[in-house]
There are 2 protein chains.
Amino acid sequence: MLQHAEVSSSLRPFAKSDIRLDKRPAAAPSAILSGMPMTYPRGSEIYGEGEPFGHIYQVVSGVVRIAKLLPDGRRQITGFYLPGDIFGLEAGDVRHFSAEAVVQTKVVGFRWQSLNATGTHSISFFQELLNVAIKDLRHTQAQLLVVGRKSALERVAAFLLEMSERSASPDLVELSMPRHDIADYLGLTLETVSRMFAELKELKAIALEGARRVRLLDRDCLAGVSTN
Amino acid sequence: MLQHAEVSSSLRPFAKSDIRLDKRPAAAPSAILSGMPMTYPRGSEIYGEGEPFGHIYQVVSGVVRIAKLLPDGRRQITGFYLPGDIFGLEAGDVRHFSAEAVVQTKVVGFRWQSLNATGTHSISFFQELLNVAIKDLRHTQAQLLVVGRKSALERVAAFLLEMSERSASPDLVELSMPRHDIADYLGLTLETVSRMFAELKELKAIALEGARRVRLLDRDCLAGVSTN
DNA sequence: CGGGATATTGACTCTTATCAATGCCCGTGG
DNA sequence: CCACGGGCATTGATAAGAGTCAATATCCCG
């Protein structure tokens, strides 16, 4: 196996050797892409803002976050991508956002150039890709409503419901991301996120089984709090 | 002419007769769509959340806002669409957001069903549509950063720079939307928007020539305030 | 040009950010 | 197996920014 000896601690910068090109192609959870899988360690960058645009990706396992930074370090995460999700579409030739692995993550990447070459793919392929982009757009617009118009408690409740809907076990949600990432997704601070978790606990809407494992006790309460 | 006798005041609901189906097809500013133009009076709905998805549109003249409401009336505007812009793409068969004319607005609409019929259009048509969706996605992601992470003053400065870039006369920007719409686009209240305009005036970054006409005096100052 | 919508400004409140201290988990090594 | 250590999370006290309510002022829309 190409497995390297040591995975870095989360503070050391990642070397190229940390990113593993897997030997065998693996079937992706959903069918529209196949390609050479790559494995990224927790916290590593898949691509960065300003880099040339070359590939689009599908998550095989793990979680990816798409984010943008302001010069002073403030960060907004625009979305989390789970197994089966496609990310990395660009309209121009340069990346406008960065993509990072939240935990150790396997993705399959595909050269845009070859996908885009006329003759290689049918109209239905581009219709499918158009659908992916439109759904992503819809999600980002919905998130804009959450961030622009909801209170801190409503945002956290909405986040938990979103993660629950996308989870294999809707009543016991594994949050693979730290509080800081949740905060940067919701436009809050990590302290406020923590306080809102505590408040939802008092409302008996959730129970925490360790910081990253949330049991949803009262989905109706959560939905009411979230103001859908 | 099909012009109806009276256009409503902004509080009365719009009748179907308020929406004018123009007699002659008009060339759209950009080339990928052509169709029957429709004219909507100021404040009227082009489509509403929950309605079936039938058409996509291109703005010919005027301004369109895309918005979503919470049950209690809070509203988030996700974007303003100017002449040449395409809006109204959906992934499913139902509208997730509403579209309204900010001022009297002319659009051309196209049946999605016929656009989407195989054989009617080439791959490059769908590639072009994919580009439209991706650019819209990028814009919404950027707006999420503005709303999630910037201060009120930064948001208003960013808004003015955005409108300036999209304006025919970049130094004298015509804002066709009221303060309330700007607030709902930026995730603020109209009072705060008004105060931030006043603050930018004190900084000599802008001058107001009536509430809807903004002269940009110091673009560098605006860009500095906006923290790009 | 007239009047109702729209915008500005002010006083005060409240939510959330900030700064700071403590606690807890989990992985690591003895 | 347990103790240790370090990132991560929680909790508390205070401050700051934006919201709310309210009273004019101004502007455009017809």
Side-chain angles (χ1 to χ4, degrees), chain A residues 6-12 41-43 72-75 102-104 146-156 174-184 186-202 206-214 225, chain B residues 3-12 18 41-44 62 72-75 101-104 146-156 174-184 186-202 206-214 225 227:
Chain A
E6 275 296 318
V7 170
S8 64
S9 103
S10 64
L11 281 185
R12 163 167 86 74
R42 159 178 228 271
D72 59 9
R74 284 176 285 177
R75 181 178 68 154
V102 174
V103 295
Q104 178 168 298
V146 170
V147 168
R149 286 297 176 222
K150 290 194 178 184
S151 73
L153 189 63
E154 290 171 325
R155 292 183 216 189
V156 171
E174 293 285 344
L175 301 175
S176 39
M177 68 291 293
R179 295 287 184 270
H180 188 238
D181 282 5
I182 300 175
D184 284 348
L186 298 176
L188 299 169
T189 61
L190 65 91
E191 293 94 331
T192 299
V193 170
S194 190
R195 281 185 245 271
M196 297 305 117
F197 271 102
E199 199 160 321
L200 290 173
K201 228 163 46 180
E202 300 224 327
I206 64 170
L208 288 182
E209 309 183 352
R212 307 281 180 96
R213 175 169 296 162
V214 183
V225 162
Chain B
Q3 198 100 25
H4 53 274
E6 275 294 319
V7 170
S8 65
S9 103
S10 64
L11 282 185
R12 164 167 84 76
D18 286 337
R42 155 177 231 271
S44 64
D72 59 9
R74 284 176 285 177
R75 181 179 67 155
V102 175
V103 295
Q104 177 168 297
V146 170
V147 169
R149 285 300 177 218
K150 290 193 177 183
S151 72
L153 190 63
E154 291 170 326
R155 292 183 216 189
V156 171
E174 293 284 345
L175 301 175
S176 38
M177 68 290 293
R179 294 288 184 271
H180 187 236
D181 282 4
I182 300 175
D184 284 349
L186 298 176
L188 298 169
T189 61
L190 64 91
E191 292 95 330
T192 299
V193 170
S194 189
R195 281 186 246 271
M196 297 305 116
F197 271 101
E199 198 161 323
L200 290 173
K201 228 162 47 179
E202 299 224 329
I206 64 169
L208 288 182
E209 310 183 350
R212 307 278 180 97
R213 175 169 296 161
V214 183
V225 163
T227 324

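Everything numeric here is computed off the predicted structure, so don't read it as measured data. Below, read A as the first sequence line, B as the second, and so on, with proteins coming before strands; counting in each chain starts at 1.
- Scanning for side-chain contact (heavy atoms from CB on, under 4.5 Å) contacts around A:Ala207 gives A:Arg215, A:Leu217, with sequence neighbours left out.
- With rounding to whole Å, A:Arg179 atom CZ is found 12 Å from C:dC25 atom C1'.
- Legend: residues meeting salt bridge (charged side-chain N to carboxylate O under 4.0 Å, His left out) with A:Glu174, ordered by chain and number and at least two apart, are A:Arg213.
- Closest approach of B:Ala101 and B:Pro41 over heavy atoms only: CB-O, 3.7 Å.
- A straight line from CG of A:Asp184 to P of D:dC8 spans 13 Å, rounded to a whole angstrom.
- Distance NE2 (A:His180) to C1' (C:dT18): 14 Å, rounded to an integer number of Å.
- Across the protein-nucleic acid pair, A:Phe197 atom CZ and D:dT10 atom P stand 7 Å apart, rounded to whole Å.
- Between the CD atom of A:Glu191 and the C1' atom of D:dA15 there is a distance of 14 Å, rounded to whole Å.
- In this structure, the side chains of B:Met196 and B:Val193 stay at 4.5 Å or more apart for every pair of heavy atoms.
- Applying the side-chain hydrogen bond (donor to acceptor under 3.5 Å, both in side chains) rule to B:Thr189 yields the partners B:Thr192; only residues at least two apart in sequence or on another chain are considered.
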Contacts table for residues 146-154 of chain A: side-chain donor-acceptor under 3.5 angstrom, sequence neighbours left out:
residue  : atom : partner  : partner atom : Å
A:Arg149 : NE   : B:Arg75  : O            : 2.9
A:Arg149 : NH1  : B:Leu188 : O            : 3.3
A:Arg149 : NH2  : B:Ala183 : O            : 3.1
A:Arg149 : NH2  : B:Asp184 : OD1          : 2.7
A:Arg149 : NH2  : B:Leu188 : O            : 2.6
A:Lys150 : NZ   : A:Ser226 : O            : 2.7
A:Lys150 : NZ   : A:Ser226 : OG           : 3.4
A:Ser151 : OG   : A:Glu154 : N            : 3.3
A:Ser151 : OG   : A:Glu154 : OE1          : 3.3
A:Glu154 : OE1  : A:Ser151 : N            : 2.7
A:Glu154 : OE1  : B:Arg74  : NH1          : 2.9
A:Glu154 : OE2  : A:Thr227 : OG1          : 2.5
A:Glu154 : OE2  : B:Arg74  : NH2          : 2.8

All N/O contacts under 3.5 Å from nucleotides 26-29 of chain D to the protein, with atom names and distances to one decimal?
residue : atom : partner  : partner atom : Å
D:dC28  : OP1  : B:Ala211 : N            : 2.9
D:dC28  : OP1  : B:Arg212 : N            : 3.3

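- Remark: A:Arg212 pairs with no residue by the salt bridge (charged side-chain N to carboxylate O under 4.0 Å, His left out) rule, at least two apart or across chains.
- Contact annotation for A:Ile182: no contact, since no heavy-atom pair falls under 4.0 Å across all strands.
- Rounded to a whole Å, the CD atom of B:Glu199 is 9 Å from the P atom of D:dA18.
- Within 6.0 Å of atom CD in A:Glu202, 12 or fewer heavy atoms from other residues, nucleotides or ligands are found, so the atom counts as exposed in its surroundings.
- The terminal axes of the helix from C:dC1-D:dG30 to C:dG30-D:dC1, fitted over 5 pairs per end, subtend an angle of 60° to the nearest 10°.
- Of the listed nucleotides (C:dT9, D:dT10, C:dA7), D:dT10 has the atom at the smallest distance from the side chain of A:Leu208.
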Could you list, one pair per line, each protein nitrogen or oxygen that sits under 3.5 Å from a nitrogen or oxygen of nucleotides 14-17 of chain C, together with the distance?
residue : atom : partner  : partner atom : Å
C:dT16  : OP1  : A:Ala152 : N            : 2.8
C:dA17  : OP2  : A:Thr189 : OG1          : 3.3
C:dA17  : OP2  : A:Thr192 : OG1          : 2.4

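- Note that CG of B:Leu175 is 5.5 Å distant from CZ of B:Phe197, once rounded to the nearest 0.5 Å.
- One atom, CG of B:Asp181, and another, C1' of C:dA7, lie 14 Å apart when rounded to the nearest Å.
- Put simply, the side chain of A:Arg179 never gets that close to the backbone of A:Ser194: no donor and acceptor are under 3.5 Å apart.
- The CD1 atom of B:Ile206 sits 14 Å away from the P atom of C:dA7 (whole-angstrom rounding).
- Under the side-chain contact (heavy atoms from CB on, under 4.5 Å) criterion, B:Arg195 pairs with B:Glu191, sequence neighbours left out.
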